[in-house]
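Presented below is the structure to which this report refers.
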Number of protein chains: 2
Amino acid sequence: MSTSTGRRLRADAEHNIARILAAAEEVLAVDPAASLEQIGEAAGLTRATVHRRFASRQALLEALTERLNQRYLSALDQSKAETAPPLVVLRRLTEIVFELKISHRFTMELMSARDGCRSGLSPEVEAGLEQVFVRLREAGEITATGADWCRQVYLALLHEAHELPDDAADLVAAGRSRAELVVRAVVGALGGAPSPVGG
Amino acid sequence: MSTSTGRRLRADAEHNIARILAAAEEVLAVDPAASLEQIGEAAGLTRATVHRRFASRQALLEALTERLNQRYLSALDQSKAETAPPLVVLRRLTEIVFELKISHRFTMELMSARDGCRSGLSPEVEAGLEQVFVRLREAGEITATGADWCRQVYLALLHEAHELPDDAADLVAAGRSRAELVVRAVVGALGGAPSPVGG
DNA sequence: ATTAAGTGATACACGCCTGTCGCAGTTAAG
DNA sequence: CTTAACTGCGACAGGCGTGTATCACTTAAT
């Protein structure tokens with residue numbers, strides 16, 4: 001709905017849209033309540049121009065989330081393309097998302113802030129993620145069946161691992177790789193052992 | 001630092017402080033950017049009175065976090081008092097914190113929003129939580145050694161389980177109890193199996 | 001009952017962000 | 001080159017939240 005709203009833009013205008021989005025990400029990562037003025041300044045543009053490209057602050061934020069959803073899709077493609085074993089897919093995906101968390105910190109948190117029960121992720125991304133867990137289950141790596149639960153646990157552990165200081169003991173134990181740590185934790189959380197109690 | 005700043009307050013004033021805090025929690029849970037006016041109205045008081053009791057918005061928020069930290073401490077006491085087995089302690093603690101997440105939703109999220117690497121939790125609460133994981137490790141239930149990692153994983157999984165819809169498949173599998181689900185996931189994530197990959 | 005504390009109501013100053021104009025100058029596109 | 005698009009600049013109106021202060025009134029404390 002935001003891609004090509006009317007007729008084609010001039011090249012420089014299109015270019016400025018990119019600069020605004022990049023600047024917004026950069027500035028809002030530092031101060032989530034930053035004004036459009038600050039964003040424009042960081043983009044080397046005027047507030048007026050920001051308004052010309054994005055009718056409202058809300059519109060700008062929506063453009064940011066749409067952009068991140070595209071990166072997510074691309075990440076999913078990159079990691080599962082070669083029909084690799086599901087654990088490898090999970091590890092690759094994790095590594096890419098770690099990079100996204102660095103370059104798109106603000107938007108990541110924006111999308112994590114659920115309103116109600118929505119995840120902020122596009123349906124396509126959610127479906128792609130679900131596929132990863134379906135394959136993990138088929139391969140016997142996990143036992144959990146709920147798509148929501150799997151996705152939430154994964155993203156949560158990914159996030160926490162990312163917040164971890166560089167010299168954390170558990171990181172060393174995982175061979176210095178945050179991705180390794182996440183993969184192990186996710187597999188453990190989603191059910192290495194079937195059911196130690198009842199049922 | 002906020003308890004008994006100067007001389008004693010009159011009884012009704014002290015009472016109003018409690019009403020303001022309760023109203024703030026209630027209102028901010030719905031709209032985190034709500035004005036002091038809205039909070040005052042919800043408390044049956046005027047904005048002026050809110051300002052009399054809390055010099056600034058910032059001061060009010062700090063009072064909220066201090067309050068929640070006290071609840072955390074009390075929760076830790078309640079769950080580990082009887083020297084119960086660590087897994088039971090974890091489950092009890094989880095159940096209590098679930099209730100806190102309902103009654104203190106806003107403040108929970110306020111404290112989760114880390115600025116830098118601080119957790120928002122008071123040192124006492126962090127220490128108490130660490131003790132729980134130390135005992136879990138001594139009992140052989142987990143293998144992870146990092147205090148930060150353990151705490152973060154626990155709180156994250158707790159949060160995600162709480163966000164889960166009531167009819168989630170994994171909840172049924174865990175015997176309908178979110179606390180059960182969290183305990184299993186935490187134990188799994190923090191290392192049921194030592195190290196399936198390398199040295 | 002007396003006094004000090006507390007509240008309601010109202011008003012004001014201040015600052016900030018948003019959204020929208022218009023105009024002059026610059027730049028891409030054909 | 002010529003035109004239409006785009007930007008910078010400045011200005012404006014409107015809204016909202018904060019923080020402070022004053023004054024009359026009510027209430028707890030002793």
Side-chain angles (χ1 to χ4, degrees), chain A residues 1-65 106-107 109-110 113, chain B residues 1-65 106-107 109-110 113:
Chain A
M1 190 168 285
S2 70
T3 23
S4 70
T5 305
R7 65 182 168 294
R8 295 180 52 189
L9 293 171
R10 230 170 67 178
D12 54 348
E14 203 101 38
H15 187 230
N16 280 341
I17 290 184
R19 310 213 339 180
I20 294 174
L21 287 174
E25 179 55 54
E26 183 182 353
V27 172
L28 293 175
V30 176
D31 175 17
S35 67
L36 298 186
E37 177 112 45
Q38 293 173 272
I39 294 175
E41 184 183 355
L45 299 172
T46 322
R47 185 171 68 94
T49 302
V50 177
H51 271 102
R52 284 189 192 104
R53 299 289 141 240
F54 301 95
S56 67
R57 182 189 188 87
Q58 174 66 12
L60 175 56
L61 296 185
E62 286 173 5
L64 280 176
T65 75
F106 167 76
T107 312
E109 293 182 4
L110 177 64
Chain B
M1 188 168 287
S2 71
T3 22
S4 70
T5 304
R7 64 181 169 294
R8 295 179 52 190
L9 293 171
R10 232 170 66 177
D12 54 349
E14 203 103 37
H15 188 230
N16 280 341
I17 290 185
R19 309 216 335 182
I20 294 174
L21 287 174
E25 179 55 55
E26 183 183 354
V27 172
L28 293 175
V30 176
D31 176 16
S35 67
L36 297 185
E37 176 112 45
Q38 294 173 273
I39 294 174
E41 183 183 355
L45 300 171
T46 321
R47 184 170 69 94
T49 301
V50 177
H51 272 101
R52 284 189 192 104
R53 300 288 139 241
F54 301 95
S56 68
R57 182 189 188 87
Q58 173 67 12
L60 175 56
L61 296 185
E62 287 173 4
L64 280 176
T65 75
F106 167 76
T107 312
E109 292 182 5
L110 177 65

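Every chain is numbered from 1 and lettered A, B, ... according to where its sequence line falls, protein lines coming before strand lines.
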Open item on the list: How close do B:Ala59 and B:Ala55 get, counting heavy atoms only, and between which atoms?
Closed with: CB-N, 4.2 Å
TODO: Kindly say if B:Asn16 contacts the phosphate of C:dT7, meaning a side-chain N or O under 4.0 Å from OP1 or OP2.
DONE: yes
Open item on the list: How many whole angstroms separate atom CD1 of B:Ile17 from atom P of C:dA5?
Closed with: 16 Å
Task: A:Leu110 side chain near A:Leu28 side chain, heavy-atom distance below 4.5 Å - done: no
Can you name the atoms? Protein N/O to nucleotides 28-30 of chain C N/O, anything below 3.5 Å, with the distance.
from   : atom 1 : to      : atom 2 : distance (Å)
C:dA29 : OP1    : A:Ala11 : N      : 3.4

- [ ] Kindly state which residues belonging to residues 44-54 of chain A come within less than 4.0 angstrom of DNA chain C, counting heavy atoms of the residue only, listed by number.
- [x] A:Arg47, A:His51, A:Arg52
Task: Residues in side chain to side chain donor-acceptor pair (under 3.5 Å) contact with B:Arg52, at least two apart in sequence or another chain - done: B:Thr49
TODO: With sequence neighbours excluded, tell me which residues meet side chain to side chain donor-acceptor pair (under 3.5 Å) with A:Arg19.
DONE: none
Open item on the list: Let's see if you get this right: which residues in residues 21-39 of chain B place a heavy atom under 4.0 Å from DNA chain D?
Closed with: B:Ser35, B:Leu36
Open item on the list: Just the rounded figure in Å: distance from C1' of C:dG19 to CZ of A:Arg57.
Closed with: 13 Å
Open item on the list: Could you report the tightest heavy-atom contact between B:Leu60 and B:Ile20, atom names first, then the distance?
Closed with: CD1-CG2, 4.1 Å
Task: Euclidean distance, atom CD of residue A:Glu41 to atom C1' of C:dC16 [Å, nearest integer] - done: 16 Å
- [ ] With the side chain counted from C-beta on, respond yes when A:Leu64 and A:Phe54 share a heavy-atom pair under 4.5 Å apart, and no when they do not.
- [x] no
Open item on the list: I'd like to check the side chain to side chain donor-acceptor pair (under 3.5 Å) partners of B:Arg10; sequence neighbours left out, ordered by chain and number.
Closed with: B:Asp12
Task: Sub-4.5 Å side-chain heavy-atom contact between B:Leu9 and B:Arg53 - done: yes
Task: Note, A:Leu21 side chain near A:Ile17 side chain (heavy atom, < 4.5 Å) - done: yes
Task: Minimum heavy-atom distance between B:Ala23 and B:Ile39, given as atom pair plus value - done: CB-O, 3.6 Å
